[in-house]
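Hydrogens, waters and symmetry mates are skipped; everything else that's a heavy atom, side chains included, is used.
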Amino acid sequence: MSGEEEENAAELKIGEEFLKAKCLMNCEVAIILEHKYEQIQHMSDGDPASQVSQVFEKSLQYVKRFSRYKNPDAVRQVRETLSRYGLAEFELCTIGNLCPDTSDEASALVPSLRSGGRFHGDPGSEKIDKMLNDLSLIKKFE
């Protein structure tokens with residue numbers, strides 16, 4: 001057996017490369033792909049050789065369908081709001097993509113919220129509820 005620790009996302013043991021990686025929420029990917037799609041369409045001027053691939057189109061359809069936030073300002077606000085809570089990148093994106101309604105649901109989807117110590121115990125539930133409330137206000141006024 002090697003001397004390396006076993007990975008466990010519930011405890012934020014996901015490997016150094018993943019802790020440092022920048023993650024994007026579906027809504028952020030949708031904005032990027034939509035911009036690229038518009039660039040391609042503008043440059044192609046009907047040229048069939050410069051059309052987007054089927055994979056690109058399917059990817060764009062997917063992220064647009066599962067994006068919880070459509071407005072670019074709302075997308076920016078979501079990232080800023082979740083960043084204030086000191087979440088790891090993958091936690092931030094999971095919460096931003098799935099938009100749980102309760103602290104119990106958020107903890108079930110992202111167990112590291114509780115085990116990481118940042119939101120541990122009853123006051124932790126209140127902090128998670130506050131974070132989720134902040135997100136619901138963004139969605140409400142989008």
*Report the distance from atom OG of Ser107 to atom CG of Leu113, rounding to the nearest 0.5 Å.*
5.5 Å
*Listed once per pair and sorted, the side-chain hydrogen bond (donor to acceptor under 3.5 Å, both in side chains) pairs that draw on residues 61-78, sequence neighbours left out*: Glu34-Lys64, Arg76-Glu80
*Which pair of non-hydrogen atoms, one from Ala106 and one from Leu132, has the smallest distance, and what is that distance?*
CB-CD1, 4.2 Å
*Can you sort out the partners of Lys130 under salt bridge (Lys or Arg N to Asp or Glu O under 4.0 Å), two or more places apart, ordered by chain and number?*
Asp134
*Please list, chain by chain and in numerical order, all residues satisfying side-chain hydrogen bond (donor to acceptor under 3.5 Å, both in side chains) with Gln54, sequence neighbours excluded.*
none
*Least distance between heavy atoms, Ala88 atom then Glu91 atom*: N-OE1, 2.7 Å
_Heavy-atom closest pair, residues Glu142 and Ala74_ = OE2-CB, 3.7 Å
*Could you tell me which residues satisfy side chain to side chain contact (heavy atoms under 4.5 Å, CB included) with Leu82, sequence neighbours excluded, listed by chain and number?*
Val78, Leu87, Leu92, Ile95, Met131, Leu135
*Closest contact, heavy atoms only, Leu33 versus Leu60*: CB-CD1, 3.7 Å
*CD/Gln41 to NZ/Lys36 distance, rounded to the nearest 0.5 angstrom?*
11.5 Å
*asked:* Side-chain heavy atoms under 4.5 Å apart, restricted to Ile/Leu/Val/Met/Phe/Trp/Tyr: what other residues fall into the cluster of Val55, or is it alone?
replied: none
*Glu105: salt bridge (Lys or Arg N to Asp or Glu O under 4.0 Å) partners, not counting sequence neighbours*: none
*asked:* As an exercise, state the distance from CG of Asn97 to CG of Asn26, rounded to the nearest 0.5 Å.
replied: 4.0 Å
*Could you note down all residue pairs passing salt bridge (Lys or Arg N to Asp or Glu O under 4.0 Å) where residues 51-61 supplies at least one of them, sequence neighbours left out?*
none
_On a heavy-atom basis, which atom in Cys93 and which in Arg79 lie closest, and how many Å separate them?_
SG-NH2, 3.8 Å
*asked:* For Cys27 and Phe66: C-alpha separation, side-chain torsions, deciding distance, then whether side chain to side chain contact (heavy atoms under 4.5 Å, CB included) applies.
replied: CA-CA 8 Å; Cys27 51; Phe66 291 105; over 6 Å; no
_same_hphob_cluster(Leu137, Leu98) at 4.5 Å side-chain heavy-atom cutoff_ = no
*Report the distance from atom CG of Leu109 to atom OG1 of Thr102, rounding to the nearest 0.5 Å.*
8.5 Å
_For Asp101, salt bridge (Lys or Arg N to Asp or Glu O under 4.0 Å) partners two or more places apart_ = none
_Straight-line distance of Lys22 NZ to Leu24 CG, nearest 0.5 Å_ = 7.0 Å
*State whether the side chain of Glu28 and the backbone N or O of Met25 hold a donor-acceptor pair below 3.5 Å, judged by distance alone.*
yes
